[in-house]
Colleague: 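My structure is below; once you've seen it, I'll send some questions.
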Amino acid sequence: MLRPFDLLLKLVKKGAEADIYLTSWNGHNSILKIRKKKDYRVNSLDTRIRTLRTIREAKMISETKSFGITTPLVYFVDEKECKMYLQFVRGKLVRDMPVKQIVKICKDIGKIVGILHKNGVMHGDLTTSNFILTMQGLVILDFGLSQKTDKVDDYAIDLRLFKEVLNSAHAQIVDESWASFIRGYKKILGSLLTDKVINQVLVIEKRGRYANVI
Ligand SMILES: Nc1ncnc2c1ncn2[C@@H]1O[C@H](COP(=O)(O)OP(=O)(O)O)[C@@H](O)[C@H]1O
Ligand SMILES: [Mg+2]
């Protein structure tokens, strides 16, 4: 159910998983993220998944702040309705930035991802649409698929996804952006662990190719 006030809201994005609205919360510009019911899922399971992701996202957005990275403030969470109000982050989505800037910013993305991994958190959906560049620096969004983990394989899955996104959404700069990302990542995690994670990325890539052949 929407509050009467929500009638003033403006749809920003209709996603596969959630709808995003621009609205206001106690006088602040706010993003309302609502996880929609999926008709193809059994009702009880669907509710469980949406509730879990909403709670997990709100928790992780707040917890990861203590690592020293910037995420939006969580204003309010309604777990029953699977919706939450977040601080509206004013800035430019990295996905939409000029390619030269994306290459540069990938180093900062690498640092943020390095900080998450160093603290045992995998993001789960690393795309250039989940980073906003503001006057104060880079902000990371969208923790609905994040997880606490200390497995190198999980960190490699994060990196592999990001590399794939660069490959598909920013193909002309994939090599430079990937190198820039790794430079930032290595600054945080050091050479030893970074090499371990990159090796695992190669293993995953090989696995993928093999799976394609069969
Ligand atoms: N707090 C926010 N401030 C500004 N824009 C946001 C915020 N949260 C989400 N958005 C915008 O909405 C888009 C989708 O939000 P996101 O949380 O990534 O949901 P999805 O799970 O659908 O990817 C983002 O790429 C961004 O453009
Ligand atoms: Mg997203």
Side-chain angles (χ1 to χ4, degrees), residues 2 5-6 8-41 46-65 67 69-79 81-98 101-102 105-106 108-110 112-113 116 121-147 157-170 177 181:
L2 298 175
F5 196 72
D6 288 334
L8 298 171
L9 46 76
K10 181 172 163 251
L11 185 67
V12 175
K13 189 197 155 204
K14 233 176 158 38
E17 203 217 346
D19 286 343
I20 307 281
Y21 298 90
L22 186 59
T23 179
S24 97
W25 181 262
N26 283 340
H28 298 286
N29 284 333
S30 166
I31 286 286
L32 168 61
K33 183 166 179 173
I34 307 180
R35 288 193 158 79
K36 301 169 294 184
K37 200 175 145 14
K38 289 276 180 4
D39 288 330
Y40 61 76
R41 282 199 293 244
D46 180 70
T47 308
R48 205 145 29 102
I49 291 174
R50 290 185 298 127
T51 310
L52 182 85
R53 288 190 182 163
T54 304
I55 295 171
R56 177 161 50 195
E57 178 161 30
K59 251 175 106 172
M60 286 294 207
I61 287 178
S62 303
E63 271 184 46
T64 51
K65 280 183 195 299
F67 307 161
I69 62 174
T70 313
T71 55
L73 289 169
V74 178
Y75 292 143
F76 183 73
V77 184
D78 184 338
E79 3 176 315
E81 305 273 355
C82 303
K83 65 182 193 180
M84 60 184 178
Y85 291 82
L86 299 171
Q87 172 189 22
F88 172 72
V89 178
R90 192 179 302 282
K92 196 139 181 76
L93 210 59
V94 170
R95 189 198 60 198
D96 301 332
M97 287 173 31
Q101 279 184 43
I102 296 184
I105 211 77
C106 273
D108 293 324
I109 294 182
I112 291 178
V113 176
L116 285 176
V121 171
M122 151 190 202
H123 181 272
D125 193 16
L126 285 180
T127 71
T128 45
S129 305
N130 287 333
F131 291 87
I132 296 178
L133 183 65
T134 72
M135 300 287 272
Q136 286 77 37
L138 202 54
V139 177
I140 179 168
L141 313 167
D142 203 358
F143 282 77
L145 298 175
S146 63
Q147 242 179 295
I157 290 170
D158 256 357
L159 263 59
R160 170 72 192 128
L161 176 66
F162 190 68
K163 198 175 170 190
E164 237 170 53
V165 167
L166 291 177
N167 219 339
S168 55
H170 311 284
S177 333
F181 173 92

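Counting starts at 1 for both ligands and their atoms, in listed order. What you see below is based on every heavy atom in this structure, not just the backbone, and it leaves out hydrogens, waters and symmetry mates.
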Colleague: Compare all side-chain heavy atoms of Pro72 with those of Val139 and state whether any distance is below 4.5 angstrom.
Modeller: yes
Colleague: Which heavy atom of the protein is the closest neighbour of atom 9 (C) of ligand 1, given with residue, atom name and distance?
Modeller: Leu141 CD1, 3.9 Å
Colleague: Show the atoms of ligand 1 that are less than 4.0 angstrom away from any heavy atom in Phe88.
Modeller: 3 (N), 4 (C)
Colleague: Check if Val12 has a non-hydrogen atom at a distance under 4.0 Å from any atom of ligand 1.
Modeller: no
Colleague: Nearest to atom 2 (C) of ligand 1, what protein heavy atom do you find, and at what distance?
Modeller: Ile31 CG1, 3.4 Å
Colleague: In terms of side-chain geometry, is the basic nitrogen of Glu17 or Arg53 positioned less than 4.0 Å from the acidic oxygen of its partner?
Modeller: yes
Colleague: If you measure from NZ on Lys36 to NZ on Lys83, what distance do you get to the nearest 0.5 Å?
Modeller: 15.5 Å
Colleague: Give the numbers and elements of all ligand 1 atoms closer than 4.0 Å to a heavy atom of Pro72.
Modeller: 1 (N)
Colleague: Would the number of heavy atoms belonging to other residues, nucleotides or ligands and lying under 6.0 Å from NZ of Lys38 be above 12?
Modeller: yes
Colleague: Name the option, out of Asn130, Val89, Thr127, that contains the heavy atom nearest to atom 18 (O) of ligand 1.
Modeller: Asn130
Colleague: I want to know if ligand 1 touches Asp142 in the polar sense, i.e. an N/O pair below 3.5 angstrom.
Modeller: yes
Colleague: So how far is it from Ile20 CD1 to Lys14 NZ, rounded to the nearest 0.5 Å?
Modeller: 11.0 Å
Colleague: Using 2.8 Å as a strict upper limit, say whether an N, O or S atom of Thr127 approaches the Mg ion (ligand 2) that closely.
Modeller: no
Colleague: What I want to find out is whether Asp46 reaches Arg50 closely enough, with some N-O distance under 4.0 Å, to be called a salt bridge.
Modeller: yes
Colleague: Hey, does the side chain of Asp158 reach the backbone of Gly124 with a donor-acceptor pair shorter than 3.5 angstrom?
Modeller: yes
Colleague: Roughly how far, to the nearest 0.5 Å, is the CD1 atom of Ile61 from the CD atom of Gln87?
Modeller: 10.5 Å
Colleague: What's the shortest distance from atom 27 (O) of ligand 1 to any protein heavy atom, and which residue and atom give it?
Modeller: Leu93 CD1, 3.6 Å
Colleague: Closest N/O/S atom of Asp142 to the Mg ion (ligand 2), by atom name?
Modeller: OD2
Colleague: Output yes when Lys33 and Asp19 qualify as a salt bridge under the 4.0 Å nitrogen-oxygen rule, no when they do not.
Modeller: no
Colleague: Distance to 0.1 Å, residue and atom name: give those for the protein heavy atom nearest to atom 11 (C) of ligand 1.
Modeller: Ile20 CG2, 4.4 Å
Colleague: Would you check whether Ile132 reaches within less than 4.0 Å of ligand 1, judged by its heavy atoms?
Modeller: yes
Colleague: From the options Lys33, Gln87, Arg90, select the one whose nearest heavy atom is closest to atom 1 (N) of ligand 1.
Modeller: Gln87
Colleague: Would the Phe88 and His28 ring centres measure less than 6.0 Å apart?
Modeller: no
Colleague: For ligand 1, which atoms sit closer than 4.0 Å to a heavy atom of Lys13?
Modeller: 13 (C), 14 (C), 20 (P), 22 (O), 23 (O)
Colleague: If you count the atoms of ligand 1 from 1 in the order shown, which ones are under 4.0 Å from a heavy atom of Ser129?
Modeller: 24 (C), 25 (O)
